[in-house]
S.K.: 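Here you go, one structure.
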Amino acid sequence: MYKFSHIADDTAFSAFLSDEDATLAFGRQLAQVLAPGMVVFLEGNLGAGKTTLTRGILRGFGFEGRVKSPTYTLVEPYSLLGLKPDSNLYFYHFDLYRFNDPSEWEDAGFREYFNAESICLIEWADQASGQLPAPDWIIQLRPEGEGRQLLLCATSELGQTCQNALTLAAK
Ligand SMILES: Nc1ncnc2c1ncn2[C@@H]1O[C@H](COP(=O)(O)OP(=O)(O)OP(=O)(O)O)[C@@H](O)[C@H]1O
Ligand SMILES: [Mg+2]
């Protein structure tokens with residue numbers, strides 16, 4: 001069973017996602033409030049919907065191409081340059097399920113991916129906890145009935161500002 005980070009329920013944003021389309025639609029909403037420089041940990045078991053949510057976010061940023069799971073490549077880079085009038089962002093989707101060699105982190109140059117012009121989403125962040133910066137958001141996905149229960153928790157000031165924007169938009 002996946003070991004989730006502790007989140008205080010009363011400060012978290014929650015949403016029930018009844019099917020895959022709901023996950024994609026919620027991802028699009030997240031794209032409206034995600035800020036440059038953000039680091040997001042996606043938590044949940046195999047098949048929880050982490051990659052689906054990432055695909056929704058990328059669609060929200062205007063990326064219409066294939067979004068594949070970076071299980072073997074560890075990271076999939078996307079340029080969002082010019083996709084939207086105001087977008088000059090890079091977007092990195094990590095899946096660290098198979099990450100097991102900390103020296104690979106430096107060798108592959110992953111550290112440079114975390115900067116003010118990029119957004120980094122990370123599945124299985126606990127596999128590389130010594131290498132990663134602290135997240136701005138933690139998003140958890142758990143199966144519930146036929147769908148998924150999502151919890152989003154801000155873990156930085158920037159993350160809180162963006163969570164507030166999400167709460168406002170959802171009203
Ligand atoms: N809200 C939802 N309700 C039901 N099924 C969903 C929902 N969101 C996504 N799914 C389905 O869950 C399946 C697995 O999704 P996905 O590949 O995104 O999981 P993952 O968390 O990235 O898994 P992994 O850890 O293996 O990378 C897909 O078949 C997708 O259609
Ligand atoms: Mg995945």
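Atoms within each ligand, like the ligands themselves, are counted from 1 in listed order. Just so it is clear, the structure is predicted and the values come from calculations on it, not from any experiment.
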S.K.: Give me each pair satisfying ring-ring contact (aromatic ring centres under 6.0 Å, His included) with a member in residues 144-171, each pair once, sequence neighbours excluded.
M.R.: none

S.K.: May I ask you to check whether Glu123 brings an N, O or S atom to under 2.8 Å from the Mg ion (ligand 2)?
M.R.: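 Checking the Mg ion (ligand 2) against Glu123, an N, O or S atom does fall under 2.8 Å.
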
S.K.: Looking at Phe4, does the NZ or CZ of Arg142 lie under 6.0 angstrom from its six-membered ring centre and within 45 degrees of the ring axis?
M.R.: yes

S.K.: Any protein N or O within less than 3.5 Å of an N or O in ligand 1? List each pair with its distance, or say none.
M.R.:
from	atom 1	to	atom 2	distance (Å)
ligand 1	1 (N)	Leu17	O	2.9
ligand 1	1 (N)	Asp19	O	3.0
ligand 1	1 (N)	Thr23	OG1	2.9
ligand 1	5 (N)	Arg148	NH2	3.4
ligand 1	8 (N)	Thr23	OG1	2.8
ligand 1	12 (O)	Arg148	NH2	3.1
ligand 1	15 (O)	Thr52	OG1	3.4
ligand 1	18 (O)	Thr51	N	3.2
ligand 1	18 (O)	Thr52	N	2.7
ligand 1	18 (O)	Thr52	OG1	2.6
ligand 1	19 (O)	Gly49	N	3.1
ligand 1	21 (O)	Ala48	N	3.1
ligand 1	21 (O)	Gly49	N	2.9
ligand 1	21 (O)	Lys50	N	2.9
ligand 1	21 (O)	Lys50	NZ	2.8
ligand 1	22 (O)	Thr51	N	2.8
ligand 1	22 (O)	Thr51	OG1	2.9
ligand 1	22 (O)	Glu123	OE1	3.2
ligand 1	23 (O)	Gly47	N	2.9
ligand 1	25 (O)	Lys50	NZ	2.7
ligand 1	25 (O)	Trp124	NE1	3.1
ligand 1	27 (O)	Glu123	OE1	3.1
ligand 1	31 (O)	Glu20	OE1	2.6

S.K.: Applying ring-ring contact (aromatic ring centres under 6.0 Å, His included), which residue pairs with at least one partner in residues 124-171 are found, sequence neighbours left out?
M.R.: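 ring-ring contact (aromatic ring centres under 6.0 Å, His included) check on residues 124-171 returns Tyr2-Trp124, Tyr97-Trp124.
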
S.K.: So, using salt bridge (Lys or Arg N to Asp or Glu O under 4.0 Å) as the criterion, who are the partners of Glu112 when residues are at least two apart?
M.R.: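 By the salt bridge (Lys or Arg N to Asp or Glu O under 4.0 Å) rule, Glu112 matches no residue at all.
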
S.K.: Are the aromatic rings of Phe63 and Phe91 close, with centres under 6.0 Å apart?
M.R.: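 Ring-ring flag for Phe63/Phe91: false, centres at least 6.0 Å apart.
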
S.K.: Measure the shortest side-chain to side-chain distance between Arg55 and Leu24 over non-hydrogen atoms and say whether it is less than 4.5 angstrom.
M.R.: yes

S.K.: Is the distance between the Mg ion (ligand 2) and the nearest N/O/S atom of Thr51 smaller than 2.8 Å?
M.R.: yes

S.K.: Might you work through the ring pair (Phe, Tyr, Trp, His ring centres under 6.0 Å) test for Phe94 and Phe114, ending with a clear yes or no?
M.R.: CA-CA 12 Å; Phe94 288 88; Phe114 295 81; 5.5 Å; yes

